[in-house]
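For reference, the structure is listed below as structure tokens.
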Amino acid sequence: MPTDGLNETTATSETAPSNFIRDIIIRDIQNGKNDGRVHTRFPPEPNGYLHIGHAKSICLNFGLAKDFGGKCNLRFDDTNPSKEETEYVDSIIKDVRWLGFDWEDRIFYASDYFEQLFQWAVQLIKQGQAYVCDLTADQVRETRGTTTEPGIESPYRNRSVEENLDLFHRMRAGEFPDGSRTLRSKIDMASPNFNMRDPVMYRILRAEHHRTGNDWLIYPMYDYAHGECDSIEGITHSICTLEFEDHRPLYDWYVKSLGIHQPQQIEFDRLNITNTMLSKRKLLLLVQKGFVSGWDDPRMPTLSGIRRRGYTPEAIRNFCGSIGVSKSNGVIELALLEHHIREDLNKRARRVMAVIDPIKVVIDNYPEGQTEEHIAPNHPDAPEMGERAVPFSKVLYIERDDFREVPPPKYPRLYPGQEVRLRYAYFVKCVGVEKDENGEVTVVHCTYDPASRGGDSPDGRKVKSTIHWVSAEHALNFEARLYENLLLEDAPQSEDLATQLNPNSLVVKANAKIEPSAKGSAPNTHFQFERVGYFNVDLDSTDEKLVCNRTVQLRDAWAKIEKKAK
RNA sequence: UGGGAGAUCGUUCAAUGGUAGGACAGCAGACUCUGACUCUGCUUAUCGGGGUUCGAGUCCCUGUCUCCCAGCCA
């Protein structure tokens, strides 16, 4: 049986459309900049799990490198030990690989460069471009100025090079308490760009680092570290999101002051998707507060979450390739992501019949105790995927929604007096119902036409619809987990997450039925439950109990018709 | 009200001074043993006002709107 979990690593063959970053690279190559090299990097901070927004950046960086015959590094931006953990490093490695990208031996960490970064800071001190400041965090903030007023220069700004060197080395040696001093760049307290108002380069922080342990008591800030890390690795195009536009002058200031290789920072728009939370901070909150079962809850937009949900790397790559890259911050419709997962799963998912919300059907004229098998293809358009036998007997289950005692106008499915086709089996006609004391239909009685075996009547008569079914005696009981958006359609703009969450984001159908061929399916096997949706086998599934996640529903024209009727 | 960035179909990305195009969504139809898939057709856009030009989404001026920035986070 084909399982495709972590083995789906074939690269996308999409022809990439033009975008402004490609234009820049093409121009750079033409001008012989960087000797025509293209070298990018994907630089996550290991402080959480990767989500679909990161997938855009991953596909962009690795994709650009591939398309231009260059390289792309994986680098962990681990300069803040108080937030970072090995668990996150491991998950990021797994997720990038799962998405189908390869960094060969180029996996790096900002922490690999701590000593070099320290030496460069010393160089900047010697050049008179950095100083040790004794102001507290509050004082730094108070003296930073406002949008209309310049900041106030620190009283420690003009310390001698010798004193700065001495103090900075003593910061490293642990002579001062956390937060008592910082190393700052001496730039311009009057700059209209706050990032240039003597930004902090190093802070004193006694926290165990997931890689360097307690070797360091001072840690470089992102702004100080990032350009140099890029420079060390020979990065040519340092691609990041729009909010770093204001940081670019500082990025350039450091590499220029140091006289080292200068990568070009290019900013693009972060991915936003309707009704989808793509903030690491908020996702962490969802996990911590128990609103979801974990980072890999199938409702999460994390790569581990959507992987568990049944999304494939191909679908995600195709999606990322189709959304484009620009500098305007837009919001992609969730429907586009769903389109790509349907498109991919339609090609690969084995068809199977499963009934999510069963209602019993008795074929009155079918012999008691008799069983027969009907042959069904595993994929309507892919004969090479084979076929399987589906057992049929007197008592069946069909979808509750496929029967109406009183049909609405134009209802094509089963109702008293109406004949439909049981897929791959027989024509059946509803001849009556049984009800419980509440008037609820409990059993639907039908008769079948033995001549229609296989699903077609020799007299050429047509039916309006074909419905799916399972044999009650042979079907496997299973648990279907149906997902909707985690966020409410009209989520209030509030910091209180609870008020924004959809109470129906997970509906468990513990009494669902599936044809026996699904027995023993491995986790992450993709199925199309015909006429219902794409599902995959969940991690929680065991030999005794099959558990399936609804990845995405099939497009449903009838639902639209019904909605309009209301 | 300082600085930075952006504005093209409902959404999103193209069009690099020369026929405004694709994808998704929507609508209509064909096909169908999945109201799925597939196929066909259709609707809909250059933020406003000036200017340059034979010709402007693209260049210039001006206005409007949106997003980002005052962490010892990244």
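What you see is a predicted model; the values in this text were computed from it and never measured.
No cation-pi contact links A:R170 to A:F176, judged by a cut-off of 6.0 Å to the six-membered ring centre and 45° from its axis.
Under 4.0 angstrom from either OP1 or OP2 of B:U32 there lies no side-chain N or O belonging to A:S465. Neither OP1 nor OP2 of B:A5 sits under 4.0 Å from any side-chain N or O of A:R248. Applying the 4.0 Å criterion to OP1 and OP2 of B:G26, one finds that A:K560 has a side-chain N or O inside that range. Residue A:R22 has no polar side-chain atom (N or O) positioned under 4.0 Å from OP1 or OP2 of B:A14. Applying the 4.0 Å criterion to OP1 and OP2 of B:U34, one finds that A:R421 has every side-chain N and O outside that range. Taking only side-chain nitrogens and oxygens, A:T79 comes nearer than 4.0 Å to OP1 or OP2 of B:A74. Side-chain nitrogen and oxygen atoms of A:R144 include at least one within less than 4.0 Å of the OP1 or OP2 phosphate oxygen of B:G71. One finds no side-chain N or O of A:T147 lying less than 4.0 angstrom from the OP1 or OP2 phosphate oxygen of B:A70. Neither OP1 nor OP2 of B:A5 sits under 4.0 Å from any side-chain N or O of A:S328. At B:G71, one or more side-chain N or O atoms of A:R141 fall inside 4.0 Å of OP1 or OP2 (strictly under the cut-off). Side-chain nitrogen and oxygen atoms of A:H339 include at least one within less than 4.0 Å of the OP1 or OP2 phosphate oxygen of B:C24.
B:G71: glycosidic angle within 90° of 0, hence syn.
The ring-ring contact (aromatic ring centres under 6.0 Å, His included) search around A:Y202 returns A:F168, A:Y224, not counting sequence neighbours.
Counting only heavy atoms from C-beta on, A:R555 has its side chain closest to B:C37 among B:A14, B:C37, B:C72. Picking from B:G2, B:U34, B:C72 the nucleotide with the shortest atom distance to the side chain of A:T466 gives B:U34.
B:C47 and B:C42 have their C1' atoms separated by 27 Å, given to the nearest Å.
Here the two rings, on A:F392 and A:Y426, have centers that are under 6.0 Å apart.
Enclosure of atom NZ in A:K464 is not indicated, since only 12 or fewer non-hydrogen atoms of other residues, nucleotides or ligands lie within 6.0 angstrom.
In this structure, a donor-acceptor pair under 3.5 Å is present between the side chains of A:T136 and A:Q139. Using modelled atom types, one finds a donor on one side chain and an acceptor on the other under 3.5 Å when comparing A:Y254 with A:S185.
A donor and an acceptor atom sit less than 3.5 Å apart, one in the side chain of A:E333 and one in the base of B:G10.
Below 30°, between 30° and 60°, or above 60°: for A:Y109 and A:F76 the angle between ring planes is below 30°, a parallel geometry. Ring geometry for A:F244 against A:H247 counts as perpendicular: the plane angle is over 60°, on a 0 to 90° scale with 30° as the lower cut.
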Dot-bracket for RNA chain B, please, read 5' to 3', with Watson-Crick or G-U wobble pairs under 3.5 Å on both distances, ( ) within the strand, [ ] crossing, | other strand, . unpaired.
.((((((..((((....[..)))).(((((.......)))))....(((((..]....))))))))))).....
Before you tell me yes or no, could you show the steps for A:S457 and A:D459 under side chain to side chain donor-acceptor pair (under 3.5 Å), namely the whole-Å CA-CA distance, both residues' side-chain angles and the distance that decides it to 0.1 Å?
CA-CA 5 Å; A:S457 173; A:D459 64 9; 2.4 Å; yes
Protein N or O to nucleotides 17-22 of chain B N or O, pairs below 3.5 Å:
none

